[in-house]
Amino acid sequence: MTGTVPETAGQEQVPQFPGVRAARCPFDPPPELRALQESGPLTKVRLWDGSTPWFVTRHAEQKALLSHPKVSADVTRPGYPIHTPAAGGGSLSFILMDDPEHARLRRMVQGAFTVRRVEGMRPAVQRIVDDLIDQLLAGPKPVDLVEAFALPVPSLVICELLGVPYADHGFFQDNSKTIIKRSVTPEDRAVAFGKLYEYLDGLVGEKLADPADDLLSKVAAHVRDGELTRQAAAQMGVLLLIAGHETTANMIALGTLALLQNPAQLALLRDSDDPKLVAGAVEELLRYLNITHSGRRRVALEDIEIAGQVIRAGEGIIMPNDIGNRDPGVFPDPDRLDVRRDARRHVAFGFGVHQCLGQPLARIELQVVYGTLYRRIPTLAAAVPIEEIPFKHDGQVYGVYELPVTW
């Protein structure tokens with residue numbers, strides 16, 4: 001963990017951004033974040049490049065800034081707090097844009113992610129989950145739950161939704177991991193993004209020539225109609241493919257591990273057939289775990305007064321989900337996992353116009369997984385001590401590299 005930057009002549013003394021989790025409880029934010037939150041809702045931190053953006057640690061101020069009209073998500077603006085030196089290697093489409101272009105591009109795909117449309121996918125998701133559990137039960141044990149279950153579930157779902165061949169899952173999973181890895185070089189990230197871009201560009205070309213009933217064909221139709229360039233369509237495909245499997249896969253594995261470490265909470269979920277309890281458990285796990293590892297980042301377009309401070313135009317803003325969702329003023333006893341808690345106010349999916357487009361799909365997948373896996377394998381257990389499980393301390397998406405389980 002980082003400490004405090006030593007004071008030097010002409011340099012303001014501010015804490016470094018604590019971007020790596022402490023080695024204590026692997027589900028909790030670093031203690032440095034708790035200390036910053038207790039000291040006040042806003043402070044300044046120092047990043048890898050020497051810049052000193054504002055660091056927002058409390059729930060109310062995070063929501064206020066995420067929905068503020070004078071706060072920009074445009075990564076190209078001066079003052080935007082860049083994650084790493086590699087962050088510029090390839091564009092992730094509209095999520096790093098502002099309205100009206102952000103809204104225009106988002107509307108092209110948001111119809112596929114409405115609650116009603118996604119709810120219609122629940123039977124297909126259930127079949128995918130049940131088939132993979134059948135394979136688990138028929139295979140050897142112990143088994144790596146990440147490789148055998150957590151990754152295949154969302155990968156199969158997003159491939160079916162987008163119209164991407166699942167046979168290519170090894171290729172896009174490997175390159176996705178490179179893109180979101182914190183320690184990757186700009187050159188390696190650009191190469192990985194280029195490979196995925198070329199792959200999606202080829203698929204867009206196929207959908208232009210022979211459209212099907214899938215989301216990528218709908219994106220290609222906007223190219224045909226002159227509303228979208230082919231380059232933008234391929235970039236949108238990369239975004240949807242990465243976001244559609246990486247985050248959910250990590251939530252499945254990390255959520256399972258958290259429940260195995262909290263057997264009373266696991267029992268409540270395993271022994272209940274109440275869909276409301278399952279849905280509530282999903283929200284609580286989203287609040288408790290928060291796999292987005294670098295915080296949501298913005299830059300102020302104008303001076304903003306908030307919580308007794310003034311964020312000046314051009315200053316960066318970082319809003320770490322993990323500590324925002326552990327705000328004791330909103331979630332009493334926040335470091336305790338409680339699947340019966342009303343956790344719906346969490347900001348795991350963000351807030352405002354940029355909140356996660358795919359959150360309805362993620363919720364359906366997690367509800368089916370958490371409502372099925374432990375019921376069908378009631379004796380599921382970790383096959384190694386938690387100290388031997390490799391956690392993703394080096395990525396922008398938090399999780400585990402492996403989760404050996406048995407039953």
> Tell me whether Asp327 is salt-bridged to Arg58, with the criterion being a basic N under 4.0 Å from an acidic carboxylate O.
no

> Before we go on, tell me: are the rings of His346 and Tyr288 under 6.0 Å apart, centre to centre?
no

> Please assess Tyr199 against Phe171 for the test ring-ring contact (aromatic ring centres under 6.0 Å, His included), listing each intermediate value before the final yes or no.
CA-CA 10 Å; Tyr199 174 70; Phe171 165 79; 5.2 Å; yes

> Is the shortest distance from a Lys or Arg side-chain nitrogen in Asp28 or Arg326 to a carboxylate oxygen in the other one below 4.0 Å?
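Yes, Asp28 and Arg326 are salt-bridged.
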
> Would you call the rings of His393 and Tyr398 parallel, tilted or perpendicular, where under 30° means parallel and over 60° means perpendicular?
tilted

> Is NZ or CZ of Lys63 both nearer than 6.0 Å to the six-membered ring centre of Phe351 and within 45° of the ring axis?
yes

> Looking at Asp338 and Arg336, does any basic side-chain N land under 4.0 Å from a carboxylate oxygen?
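Yes, Asp338 and Arg336 are salt-bridged.
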
> Could you tell me if Arg287 sits above the aromatic ring of Phe331, with its cationic atom closer than 6.0 Å to the ring centre and no more than 45 degrees from the axis?
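So Arg287 does make the cation-pi contact.
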
> Around atom CZ of Arg344, are there more than 12 heavy atoms from other residues, nucleotides or ligands closer than 6.0 Å?
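12 or below, so no.
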
> Is there a side-chain contact between Leu366 and Leu285 (heavy atoms, below 4.5 Å)?
no

> Could you tell me whether the side chain of Val353 reaches within less than 4.5 Å of the side chain of Leu66, counting heavy atoms only?
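With C-beta onward as the side chain, the pair stays apart.
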
> Do the side chains of Leu268 and Gln265 get nearer than 4.5 Å, heavy atoms only?
yes

> Establish, yes or no, whether the cationic atom of Lys44 lies under 6.0 Å from the six-membered ring centre of Phe55 and within 45° of the ring axis.
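No, a cation-pi geometry is absent between Lys44 and Phe55.
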
> Can you check side-chain contact (heavy atoms from CB on, under 4.5 Å) on Ile318 and Val56, steps first, answer last?
CA-CA 6 Å; Ile318 301 176; Val56 186; over 6 Å; no

> Within the 4.5 Å heavy-atom criterion, are Glu365 and Val129 side-chain neighbours or not?
no

> With a 6.0 Å cut-off (strictly less than), is the heavy-atom count around CD of Gln110, excluding the residue itself, greater than 12?
yes

> Should Leu269 and Val278 be marked as a side-chain contact (heavy atoms from CB on, under 4.5 Å) after you check the CA-CA gap, both sets of side-chain angles, and the distance that decides it?
CA-CA 6 Å; Leu269 189 55; Val278 174; 3.9 Å; yes

> Does Glu160, at its CD atom, have more than 12 non-hydrogen atoms belonging to other residues, nucleotides or ligands within less than 6.0 Å?
no

> Find out whether Asp214 and Ser217 are in side-chain contact, i.e. whether some heavy atom of one side chain is under 4.5 Å from a heavy atom of the other.
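SC-SC contact between Asp214 and Ser217 confirmed.
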
> For atom CG of Asp213, is the number of surrounding heavy atoms from other residues, nucleotides or ligands below 6.0 Å larger than 12?
no

> With a 4.5 Å cut-off on side-chain heavy atoms, are Cys25 and Asp335 touching?
no

> Identify which one of Arg298, Arg77, Lys70 satisfies the salt bridge (Lys or Arg N to Asp or Glu O under 4.0 Å) criterion when paired with Asp98.
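Single salt bridge (Lys or Arg N to Asp or Glu O under 4.0 Å) partner of Asp98 among Arg298, Arg77, Lys70: Arg77.
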
> Taking atom CG of Leu286 and atom CG of Asn325, what is their separation to the nearest 0.5 Å?
9.0 Å

> Heavy atoms, side chains only, cut-off 4.5 Å: are Tyr80 and Ile317 in contact?
no

> Considering residues, nucleotides and ligands other than Arg122, do more than 12 of their heavy atoms fall under 6.0 Å from its CZ?
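Yes - once you tally the heavy atoms of other residues, nucleotides and ligands closer than 6.0 Å, there are more than 12.
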
> Has Asp273 got more than 12 heavy atoms of other residues, nucleotides or ligands less than 6.0 Å from its CG?
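No, because the 6.0 Å sphere around CG of Asp273 holds 12 heavy atoms or fewer from other groups.
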
